[in-house]
Amino acid sequence: MSRPTHRRPEYRKINKDLFVLTYGALVAQLCKDYEKDEDVNKYLDKMGYGIGTRLVEDFLARSCVGRCHSYSEITDIIAQVAFKMYLGITPSVTCNNSSRNEFSLILDKNPLVEFVEELPAGRSSLCYCNLLCGIIRGALEMVHLAADVTFLQDRLKGDSVTEIGITFLKKPEEKKYRRKK
Amino acid sequence: MRARSAGRSLGAGGRRMADAVLFEFLHTEMVAELWAHDPDPGPGVHREQRHTRVPTATCSASASCPPGCGALCVRKGQNMSLSVLEGMGFRVGQALGERNPAWLPPSSSPWAPQAWPGDPPASAWPKCLPLPPRLSRETLAYREELDILKFLCKDLWMAVFQKQMDSLRTNHQGTYVLQDNSFPLLIRMASGLQYLEEAPKFLAFTCGLLRGTLCTLGVKSLVTASVAALPACKFQVVIQKS
């Protein structure tokens, strides 16, 4: 069999496909196990939380982010460094309120839904990508930041964009944050 | 049971790609989450067994199970989780295969004669004479199969786990044993004999993945896995002849 030995780009594509397909299989299985959309959403969030608490260590080890001085910086890092690193996309960030603790990530492309055309029948309130909310929430909690993370808009539900809302729940302290090394 | 911190994984086997890490973490959560839905195994669990196998068939005996029994003796609940994970792996393996038509072996017909170096071209062989024994139909089928298994060990493993399988053995009669001495989904857990009983949960999905990929490549199989000492494991592929 004559095959080229180095096929890096294809391996990366397959690896990305692997994650997206596995996630799809997981959502399908959860839909089988739970009748209510809220339960599926809840479990996806919970699983995402578990992933996020561990992923943040991996992220901090790979990236060399310095100290953050504001929620806005943190959200920028999530969008421009973390999303880019793990999913290859860079959502845009908007700030939603004057006290600067509510932000939105607008996802133009979403690799998780690459193979999904529409939500399954009878699953209109399913937040297909709810794992992402849990991941962000779990990661932030590990660096001592409490936040509410939910989907504000979802293309799969007919909205024009997919929007994740992050609401930081505590005011920043006087001291600067210390990042784990 | 928590996986170890990321610091550990950066040492053993080198740093994995960021997106590979995402799959790994998702897999760990899936094992923990899907397992939680089923009741604990009762006293029927065969704890003396050093080699625990991912079952495709269950042993219905309980305390009187013979020592050489290949199936993990568990109550139905636990078995369901393993087969759920295996089923998910199967669907993913199929989908991966379908999305990568370049994976199909070069000759799509299993009966196409494959010239060996030094052979005269097929056209030179008189049609009235049978092919020489080494190009018989059975040999061709096994050569094709072996190529497919080699592909799994090299390309599939490289794409999914960023490493190749460490060894491939076969009895040339449709059974293959693929050995990975440091299986990435087990590395974070432990080394040695600790958590040996937990290991099958972390292999079920991959067994399904292998079975699904083989299915897309036109091969029906049965895949089981066994662990003697983490993080080394063996996948046994038995080709099913219809």
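Chain letters run A, B, ... following the sequence lines, proteins first, then strands; residues in each count from 1.
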At their closest point, which heavy atom of [X] faces which heavy atom of [Y], and how far apart are they?
X: A:Met85; Y: B:Ala18; answer: O-CB, 3.5 Å
X: B:Leu22; Y: A:Tyr86; answer: CD2-O, 3.5 Å
X: A:Ile14; Y: B:Ala159; answer: CG2-CB, 3.6 Å
X: B:Ala20; Y: A:Asn15; answer: CA-OD1, 3.2 Å

(request) State, with a plain yes or no, whether a side-chain heavy atom of B:Thr28 is found less than 4.5 Å away from one of A:Arg54. (result) yes
Applying salt bridge (charged side-chain N to carboxylate O under 4.0 Å, His left out), can you list everything that pairs with [X], at least two apart in sequence or on another chain?
X: A:Glu38; answer: none
X: A:Arg100; answer: none
X: A:Asp108; answer: A:Arg155

(request) Check each of A:Ile51, A:Leu55, A:Ile135 against B:Leu26 using the side chain to side chain contact (heavy atoms under 4.5 Å, CB included) test, and report the only one that passes. (result) A:Ile51
(message) Rounded at 0.5 Å granularity, tell me how far CG in A:Leu44 sits from CD in B:Glu29.
(response) 11.5 Å
(request) Could you tell me the separation between the CG atom of A:Leu131 and the CZ atom of B:Phe25, rounded to the nearest 0.5 Å? (result) 12.5 Å
(message) Counting only heavy atoms not in B:Lys154 (residues, nucleotides, ligands), do more than 12 fall under 6.0 Å from its NZ?
(response) no
(message) Surrounding NZ of A:Lys157 (heavy atoms of other residues, nucleotides or ligands, distance under 6.0 Å), is the total greater than 12?
(response) yes
(request) Please list, in residue-number order, every residue in residues 22-29 of chain A that has a heavy atom less than 4.5 Å from any heavy atom of chain B; write 'none' if there are none. (result) A:Thr22, A:Tyr23, A:Ala25, A:Leu26, A:Gln29
(request) Output yes when B:Glu33 and A:Lys46 qualify as a salt bridge under the 4.0 Å nitrogen-oxygen rule, no when they do not. (result) yes
